[in-house]
Number of protein chains: 2
Amino acid sequence: MTDNPSYKDRKVITIGVVSELTGLTERQIRYYEERKLIFPERSPKGNRKYSFMDVEQLIDIANKREEGVQTYEIRQEMLKKRRKEERKKRRELLRGEINARFGIQKD
Amino acid sequence: MTDNPSYKDRKVITIGVVSELTGLTERQIRYYEERKLIFPERSPKGNRKYSFMDVEQLIDIANKREEGVQTYEIRQEMLKKRRKEERKKRRELLRGEINARFGIQKD
DNA sequence: CGTGTAAGGAATTCTGACACG
DNA sequence: CGTGTAAGGAATTCTGACACG
């Protein structure tokens, strides 16, 4: 349905590689974390680990920043989008339950 | 058909992370490269980079090694499988060409 | 053959801070 | 606010080699 084994979400990429992949400096990447735009995991000894999703997210952020959008705005948009998706998911879950009880039907 | 953006094949994972992911020591991982079982890329400054495919490959290798299979044998199996897949791909390409010229037909 | 280890050096990453604007 | 930079330390990675079996 979504992806296979979720390679896209495994947090395995170090900040140096993310920097190459995104064209952002490590400084920028760390700062966007400070501003809660990105949430890497940490290795046992404290090194940041990113997923491909994070890389894509950072590229989006970089584009918005180029347009002059401030990190605060970007965060607001992110939160809005997240809430929207949660509502969508909830509706889908509900629909699934209804179908399970009353049978599948086209509408 | 295959995967989306080929996250699975992007070589972005450092050897330390691969070690965690596979349970192999870095020594083992480097040795399997020496034996031509695995082919990481290198960062500009020479650090090895692996893909998720490589990680899976390494897990397969680890399993075979536990069964006592030698790296040489593993390499032979790999080469055999690779040739097999190339033949398959060639057949499919050919079939595609034939269909393109003489029309699609069920058999 | 396959793996461990100590060795030395180079590159990576981390944090907290000062700077500029 | 967003980013650069120098600072110092800790962790990572690399290679070539010796060891054992």
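Labels below follow one simple rule: chain letters A, B, ... track the order of the sequence lines, proteins then strands, and each chain is numbered from 1.
Note: A:Ile38 CD1 to A:Ile29 CD1 = 9.0 Å, rounded to the nearest 0.5 Å.
Between B:Tyr31 and C:dT3 there is no side-chain N or O to OP1 or OP2 distance below 4.0 Å. The phosphate of D:dC14 (OP1 or OP2) has no side-chain N or O of B:Lys45 nearer than 4.0 angstrom. Dashed line: the shortest gap from a side-chain N or O of A:Thr14 to OP1 or OP2 of D:dT12 is not under 4.0 Å. A close approach under 4.0 Å does occur between a side-chain nitrogen or oxygen of A:Arg35 and OP1 or OP2 of D:dG2. Between D:dT3 and A:Tyr32, a contact under 4.0 Å exists linking OP1 or OP2 to a side-chain N or O.
Taking atom CZ on A:Arg27 and atom P on C:dA17, their separation rounds to 12 Å, with Å as the unit. In this entry the distance linking NZ of B:Lys49 with P of D:dT12 reads 16 Å, nearest Å. Atom-to-atom, NZ of A:Lys36 to C1' of D:dG2 comes out at 17 Å; the value is rounded to the nearest Å. Computed from coordinates, the A:Glu34 CD to D:dT3 P distance equals 11 Å when rounded to whole Å. Atom C1' of nucleotide C:dA10 and atom CD1 of B:Ile15 are separated by 16 Å, given to the nearest angstrom. A straight line from CD1 of A:Ile29 to P of C:dT15 spans 14 Å, rounded to a whole angstrom. For the pair A:Glu33 CD and C:dG16 P, the computed distance is 12 Å after rounding to whole Å. Atom CD in A:Glu41 sits roughly 17 Å away from atom C1' in C:dT13 (whole-Å rounding).
The existence of a salt bridge linking B:Arg30 and B:Glu26 is confirmed by a sub-4.0 Å separation between a basic side-chain nitrogen and an acidic carboxylate oxygen.
With hydrogens and angles ignored, the 3.5 Å screen pairs no side-chain donor or acceptor of B:Ser19 with any backbone N or O of B:Ile15. Side chain of A:Arg75 to main chain of A:Lys36: a donor-acceptor pair is present (N/O by atom type, distance under 3.5 Å, no hydrogens or angles).
With a cut-off of 3.5 Å on both pairing distances, D:dA6 has no Watson-Crick or G-U wobble partner at all. Judged by Watson-Crick or G-U wobble contacts below 3.5 Å, the nucleotide D:dG16 has no partner.
Nucleic acid contact class of B:Ser43 (heavy atoms, under 4.0 Å, all strands): none.
The residue among A:Gln28 and A:Asn47 whose nearest nucleotide of DNA chain D is located toward the 5' end is A:Gln28.
Looking at B:Val18, B:Asp60, B:Val17 one by one, the single match for side-chain contact (heavy atoms from CB on, under 4.5 Å) with B:Val55 turns out to be B:Val18. With A:Asp54 as the fixed residue, the side-chain hydrogen bond (donor to acceptor under 3.5 Å, both in side chains) test singles out one of A:Lys8, A:Lys11, A:Arg48, A:Lys49: A:Lys11.
If you check distances only, the side chain of A:Arg30 never reaches the base of C:dT15 with a donor-acceptor pair under 3.5 Å. Between the base of C:dT13 and the side chain of A:Arg48 there is no donor-acceptor pair shorter than 3.5 Å.
Of all nucleotides listed (C:dG2, D:dT13, D:dT3), D:dT13 comes nearest to the side chain of B:Glu26. Proximity note for B:Arg42 (side chain, C-beta onward) versus C:dA17, C:dT15, D:dT15: the nearest is D:dT15.
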